[in-house]
Amino acid sequence: MSENVVHLHKPTDTPADDTAPTVLTVVPDAPPERPVPLWVRSGRAIKTAATHETTKTVVRAAARHGLYTFNGGRIVARRAWDGRTGARYERMIRAAEAAGNNELAEEWEERLQRFRDARHRRRMDLLHSPVEVAKGAAVGAGMSIGTLVALGVVMAINNGDVKDVITPLAATIDFIALLIRIVQVVWGPALTIGPFLALLALWAVGSKQQAAPQWALPANARSTEGEPITPSIVVKALRDLGIPAMRNAIKEMGDAGASMLGPITIAGCGVEVDVTLPSGVSTNEVQQRRRKLAENLTRHEHEVFITIPTAARTVRLWVADSGALDEPIGPSPLVTDETMTADYPKGKAPWGQDLRGDAAALSLYQRHLLITGLSNQGKTVALRSLALWLSLDRSVEFLMGDLKGVGDWAMFDGLATTLIQGPTDEHVIQVTEMVEGAVDEMNRRIQAPPGTVFPPLIVLVDEAQVAFMCPAKDEDKRPYGGSKANSRYFMAVRKIHNQGRAVNVLMWQGTQDPTNENLPKLVREGAHTRASLALGTESQARMALGDKAVDGGAAPNLLRPGLDRGTLVVASDGITIPAGQSSITVRTHYIDDEAAVAITDRAKAMRDGVTTLHAIERGEDRDPLADIAAVVGDAPRVRTKDVLARLATLNTDAYGGWSFIDLKRVLDDAGAEPYKSDGVMVVARDRVLRALANRDADGSASDAG
């Protein structure tokens, strides 16, 4: 029983002096803690012991070795059954029929019939064998006894002792008696030890086959990271995908499930195999289980790619060596080969490597281009590497708009005719007018005589989603952004997509996170080459590459953001794609800013000099001769076609409709007539500058007079 505690204190509402009465309060003591029942403590101890790691290890070991013995017996029994019956042949026949290979099924059926005929002959021989064995034994015994007696006679004659006649026979009888005694001694222990030896043999078979669940195997056996891909591993991975029709078909095939597989071939940093699916299993069922298939193959999801070849009911698996895709690829040939040049009509840009490790090169000839992906995945570098290669063709002209404006394209200053950099609405307006100027140049080329060959004009806009989402409107209330029929940027891009290819006016765009708002459907479908880095969802992948590519196995949404930076899924006829596939995965070369500057310096050295415009000038009053001098720049001479194109870019309203006649009229009036050089009409810089100087001098003299 608990004791009470007595407290002495003064009341709180009385003065704190010695005259205040003392109050005695009795406070009961706290009850003692109740003891924990024995059964509770026992339960906790049992739970602790049951969940202890040592207990788990012991249970796993006991289950493992027991299942090794049990399943080893099953394996031995099945092997014995297969050896005595035609079960193996019947499984092969069912596997061939499931794979649709009737010729192979007939071949196995013939083998089964031969096996049955041979077995029947052996059984018929057994009916006559007892008599034959008895006869053989009698004859053998008689001959043996006769031989021993003859040997004894020879010994008796030799030794002169008649007793030696039976010596060999007696020795043989003694030897047989010794063998009988040995058997009698060994038989008892053998009966005792024999079952243990048999169990040990079954355990050895099960242990060799690892015939136990994964949870029961030791840690080193369960970790199969990076194990080689074999037919049995692929079949097991397919069997365990959770597709009932697949599992049942493989179960009927037995060990012959590998008949579904084509040859496993080395393909770059991995292997490739075609799988013919059983009846009732569709290819998209396998595609939808990519992660589970990868884990069944002891790989990460990004290390397994599933594509659909031309063969019906077939999927093509590419399985990377463990960790191989995390290794960087080598430098770009643009960096290592300083003598490399480009050929726009016939050449291909060295872009990177495919998953096989082969070089992946892209043809840019008369193909509009769209590259998309999440932010900071290498989109600008991938797009820039194509422009760097094409800059090494001196005939190519660039109009560039960088709506990020952080200097990623600064090295093209002095190489591009126009380079606008910045993210504001004003920069979008400038880029829109630049693209509209390219439309005017396209229209001028279309009206040229048939057969006229035009130099390539690349209109490149990076971060194009900024233009599509721009809210600014012009003085006529027409929006610059958006995807309606009155959207200036949208309509300019659509016009180039519709007709630009025929006259070598091409639209290249890079954009982030494709949606219907920042990348309208008509624009993305107008690109001949569509490439995507890592994306967030399958719907974005369909917007980026199209339904056909995604249905064929393209899955940029399964790339790992950050880890697979620079890896693209490409759908284009300008790149070599394996037969039957609609896309290819490319790991692009990384070209940093320093290397990009070195490449553009080489490109600038190949040209006569380009004056880069950083804004589209506007205004009603123009000085045509001064503008001509500005676009000619430092080049000694420039073709009249290029001068017209640069003037149209400089100011669409003033020069968009100019023809050669208009240009010639201005130059003739100024005394700077164009002339032929190497068979083409050119404008000489010295003539234009001299005409400007003479005009200014005449104007000054007139003012003085």
Side-chain angles (χ1 to χ4, degrees), residues 334 341-345 347 349 362 364-371 380-405 407-422 427 430-442 445 454-464 467 492-493 496 500-501 503-510 529 591 593 596-597 599-616 631-635 638-639 641-650 652:
L334 289 172
T341 58
D343 187 342
Y344 165 74
L362 179 68
L364 303 173
Y365 179 65
Q366 293 188 346
R367 291 178 176 88
H368 302 302
L369 176 66
L370 172 65
I371 297 181
T380 296
V381 173
L383 182 62
R384 189 176 68 183
S385 65
L386 298 177
L388 288 172
W389 176 79
L390 200 56
S391 69
L392 298 176
D393 183 338
R394 58 179 300 173
S395 67
V396 178
E397 181 181 357
F398 292 99
L399 305 179
M400 292 184 170
D402 175 17
L403 294 178
K404 185 189 299 181
D408 289 336
W409 298 88
M411 66 286 302
F412 281 85
D413 192 359
L415 185 60
T417 304
T418 302
L419 176 60
I420 299 170
Q421 303 178 88
H427 290 103
Q430 294 279 339
V431 168
T432 301
E433 293 178 350
M434 177 190 76
V435 178
E436 289 174 339
V439 173
D440 294 334
E441 169 63 13
M442 176 189 72
R445 293 183 177 191
F454 298 100
L457 174 63
I458 306 299
V459 185
L460 189 153
V461 179
D462 194 11
E463 306 295 342
V493 173
I496 294 178
R501 175 178 175 273
V503 289
N504 280 336
V505 177
L506 303 177
M507 191 77 208
W508 289 10
Q509 294 183 97
T529 295
I591 302 177
D593 291 347
V597 170
I599 296 170
T600 52
D601 287 344
R602 286 160 43 200
K604 293 172 186 177
M606 299 169 59
R607 302 170 186 248
D608 295 331
V610 176
T611 301
T612 299
L613 304 178
H614 299 283
I616 305 298
V631 299
V632 168
D634 297 331
V638 179
R639 292 184 298 182
K641 292 181 180 180
D642 294 340
V643 173
L644 288 170
R646 295 176 185 179
L647 287 173
T649 303
L650 179 65
T652 303

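Throughout, numbering of the chain's residues begins at 1 and tracks the sequence.
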| request: Could you tell me whether the side chain of L399 reaches within less than 4.5 Å of the side chain of T649, counting heavy atoms only? | output: yes
| query | Is the number of heavy atoms from other residues, nucleotides or ligands within 6.0 Å of CZ (R602) greater than 12? | reply | yes
| Distance-only donor-acceptor check, side chains Y344 and N504, under 3.5 Å | yes
| task | Rounded to the nearest 0.5 Å, what's the gap from CZ on R607 to CD on E397? Could you check? | result | 9.0 Å
| message | According to salt bridge (charged side-chain N to carboxylate O under 4.0 Å, His left out), who are the partners of D593, at least two apart in sequence or on a separate chain? | response | R384
| field | Interatomic spacing from CG in L388 to CG in L386 - rounded to 0.5 Å | value | 9.0 Å
| query | Looking at M434 and L460, what are the two nearest heavy atoms and their distance? | reply | CE-O, 4.3 Å
| query | Can you find a heavy atom in the side chain of L383 that is under 4.5 Å from one in the side chain of W508? | reply | yes
| query | Any idea which heavy atoms bring W389 and A342 closest together, and the distance? | reply | O-CB, 2.9 Å
| Residues in salt bridge (charged side-chain N to carboxylate O under 4.0 Å, His left out) contact with D408, at least two apart in sequence or another chain | K404
| request: Could you tell me the separation between the CG atom of L419 and the CG atom of D402, rounded to the nearest 0.5 Å? | output: 7.5 Å
| request: Sequence neighbours left out, what passes salt bridge (charged side-chain N to carboxylate O under 4.0 Å, His left out) with D393? Give chain and number order. | output: none
| request: Output, in order, the C-alpha distance, side-chain angles, deciding distance and verdict of side chain to side chain contact (heavy atoms under 4.5 Å, CB included) for L650 and V631. | output: CA-CA 8 Å; L650 179 65; V631 299; 4.2 Å; yes
| task | Any salt bridge (charged side-chain N to carboxylate O under 4.0 Å, His left out) involving residues 410-419? Give me the pairs, sequence neighbours left out, ordered by first then second residue. | result | none
| said: Quick check for you: to the nearest 0.5 Å, what is the distance between D642 atom CG and R639 atom CZ? | reply: 4.5 Å
| Any S391 side-chain heavy atom under 4.5 Å of M411 side chain | no
| said: Can a donor-acceptor pair be found, under 3.5 Å and without considering hydrogens, that links the side chain of H427 to the backbone of L403? | reply: no
| query | Taking C-beta and beyond as the side chain, do V459 and M400 meet within less than 4.5 Å on heavy atoms? | reply | no
| note | Heavy atoms of A382 and I371 approach each other most closely as C-CD1, 4.3 Å
| query | Taking side chain as C-beta onward, heavy atoms only, is T612 less than 4.5 Å from T417? | reply | no
| query | Can you name the side chain to side chain donor-acceptor pair (under 3.5 Å) partners of T418, sequence neighbours left out? | reply | none
| query | Is a donor on one side and an acceptor on the other found under 3.5 Å between the side chain of R501 and the backbone of Q366? | reply | yes
| query | Between V610 and A416, which heavy-atom pair has the shortest distance, and what is it? | reply | CG1-O, 3.6 Å
| remark: When rounded to the nearest 0.5 Å, the distance separating CG of L369 from CE of M507 is 10.5 Å
| message | Going by the rule ring-ring contact (aromatic ring centres under 6.0 Å, His included), which residues pair with F454 if we only count those two or more places apart in sequence or in a different chain? | response | none
| request: Identify the two heavy atoms, one from S385 and one from I591, that lie closest to each other, and give their separation to 0.1 Å. | output: CB-CD1, 3.9 Å
| remark: For P456 and V396 the tightest heavy-atom approach is CG-CG2, 3.4 Å
| With a 4.5 Å heavy-atom cut-off, do L362 and L364 have their side chains touching? | yes
| query | Going by heavy atoms in the side chains, are V638 and R646 under 4.5 Å from each other? | reply | yes
| task | Would you confirm whether H368, through its side chain, and Q509, through its main-chain N or O, come within 3.5 Å as a donor-acceptor pair? | result | no
| query | Is there side-chain contact between V461 and V431, with heavy atoms separated by less than 4.5 Å? | reply | yes
| said: To the nearest 0.5 Å, what is the distance between CD on E436 and CG on D440? | reply: 8.0 Å
